[in-house]
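One structure is given here, and the rest of the page talks about it.
As the structure lists them, so they are numbered: ligands from 1, and atoms in each ligand from 1.
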Amino acid sequence: MSERKIHTTQVAIMGAGPAGLMLSHLLHLAGIESTVVEIRSRRDISHTIRAGILEAGSVDLLVDSGVDNVLRNGHEHEGTEFRVNGEGHRIDFKGLAGSSVWLYPQNEVFDDLAARREADAGDVRYECSDTQITDVTGKPRITFTDSAGQDWELRAEILVGADGSRSYCRSQIPESDRTRYFNEYPFAWFGILTEAPRSAPELIYANSAHGFALISQRTDTMQRMYFQCDPTTNPADWSEDQIWEQLRLRVNGNGFALKEGPIVDKVVLPFRSFVNTPMRHGNLFLAGDAAHTVPPTGAKGLNLALHDVKLLFESLDSYFKSGSTALLDTYSDRALDRVWKAQYFSYWMTTLLHTVPGEQNHAFFRARQLGELRSLLESEHGRAYVAECYTGWQGK
Ligand code: PHB
């Protein structure tokens, strides 16, 4: 075995997903050192298909820090369509909330940040193993073996857990010092990538008696679509015909038909709402999925993570420049303020648009849901509420 090397840094970051890399990039611009430790390979992270919507605030964070591919390769969406039983209703984000969102897949955000960290000679260690954390309430230490087999001890003043929904960092917080909030849903999403042209200029969130569907996009020739399914569904059991049949049933109608093509990826995504509070324990700070997950309906996951990172960066910058812990001390409360708004919105949008087949009083539930959708969509107030939440509470 090789002799363990010691490396000292200001901020140790566990996890090189978009949250960890964004934080490391912002710290670098402010002259604060960080080391990022990641167990997956760069290729693995880059090839993980995730959601694709960025709020304007997330785009600003990237662009203002000089990571601006999103402006060239992303697509601005000034609205979206809610389709109810085949009838479309547009939510005009620009007109109702004065804001928009950008379609730019999470793996592109990762690629941009990873390339930028590399260009800036950032210390990002992919493919690490045997990671162990000690002393998170004092001076955190992380031991790990790097991809070349070298053993390391990383010593830091602050440890950031940006290590995703199965966070190892989170598990280091004693049960007695944290509260976990959890909700599971009786459905999942069946997601596909299909080689087809765009079916519509904007995303379509469809509610129908057959269940929910979402028509999203990737490029001119590749589209992302989802439909509500049973959580026990095995994607391999589903043929292309069966998949298209479900999507047609839920979305087509009134002269509108989806553009279909070969399906190149199939996946079933579980639906969960989860929050770990507080988002701090001693000198360990959690960010992104490590602290909270939302169901994908409101497209909030990555946006919440980037918002955490923005707050955490400002708090760390203030701490390292002035020695003041004032912002670090309120980080968790300030982050959770938005987390719970997003939890509520994601939960509400999920129950608004999905059907619950096993519901005891299904007929009542469905008729009530259609009543809710009509009251919402016929009201400018209702549509403005969706626009404000979906675009990310700009200015709030
Ligand atoms: C996606 O494009 O993958 C996507 C878009 C909107 C959502 C969820 C996922 O609400």
Could you tell me, atom by atom, which parts of ligand 1 come under 4.0 Å of a heavy atom of Ile53?
5 (C), 6 (C)
Using the rule that Ile, Leu, Val, Met, Phe, Trp and Tyr join whenever any side-chain heavy atoms are under 4.5 Å apart, tell me whether Leu26 and Val36 fall into a single cluster.
yes
Going hydrophobic residue to hydrophobic residue with side-chain gaps under 4.5 angstrom, can you get from Phe271 over to Met225?
no
Around atom 8 (C) of ligand 1, find the nearest protein heavy atom and jot down its residue, atom name and distance.
Pro296 O, 3.4 Å
Do any nitrogen or oxygen atoms of Tyr205 lie less than 3.5 angstrom from nitrogen or oxygen atoms of ligand 1?
yes
Salt bridge present between Lys94 and Glu76 (N-O < 4.0 angstrom):
yes
Is any NZ, NE, NH1 or NH2 atom of the basic residue among Lys139 and Asp135 found under 4.0 Å from an Asp or Glu carboxylate oxygen of the other?
no
Could Asp163 and Arg170 be called an ion pair, given the rule that one side-chain N must be under 4.0 Å from one carboxylate O?
no
Which is it for Leu203 and ligand 1 at heavy atoms under 4.0 Å: side chain, backbone, both or neither?
side chain
Need the ligand 1 atom indices (1-based, order shown) with element for anything under 4.0 Å from a heavy-atom of Ala299.
6 (C), 7 (C), 10 (O)
Which of the ligand 1 atoms, numbered from 1, are nearer than 4.0 Å to a heavy atom of Gly52:
1 (C), 2 (O), 3 (O), 4 (C)
Ligand 1 versus Ser216, non-hydrogen atoms closer than 4.0 Å: side chain, backbone, both, neither?
side chain
Atom indices of ligand 1 within 4.0 angstrom of Thr297 heavy atoms, with elements
10 (O)
Candidates Ile192, Leu269, Val267 - the one meeting side-chain contact (heavy atoms from CB on, under 4.5 Å) with Tyr226
Leu269
Please list, in number order, the atoms of ligand 1 under 4.0 Å from a heavy atom of Ala51.
1 (C), 3 (O), 9 (C)
Strictly below 4.0 Å, N to O, side chains only: are Arg72 and Asp68 in salt-bridge contact?
yes
Just which atoms of ligand 1 are under 4.0 Å from any heavy atom in Arg218?
1 (C), 2 (O), 3 (O)
Should Met14 and Phe144 be regarded as members of a common hydrophobic cluster, given that ILVMFWY residues are connected when their side-chain heavy atoms come within less than 4.5 Å of each other, either directly or indirectly?
yes
Nearest to atom 3 (O) of ligand 1, what protein heavy atom do you find, and at what distance?
Tyr226 OH, 2.5 Å
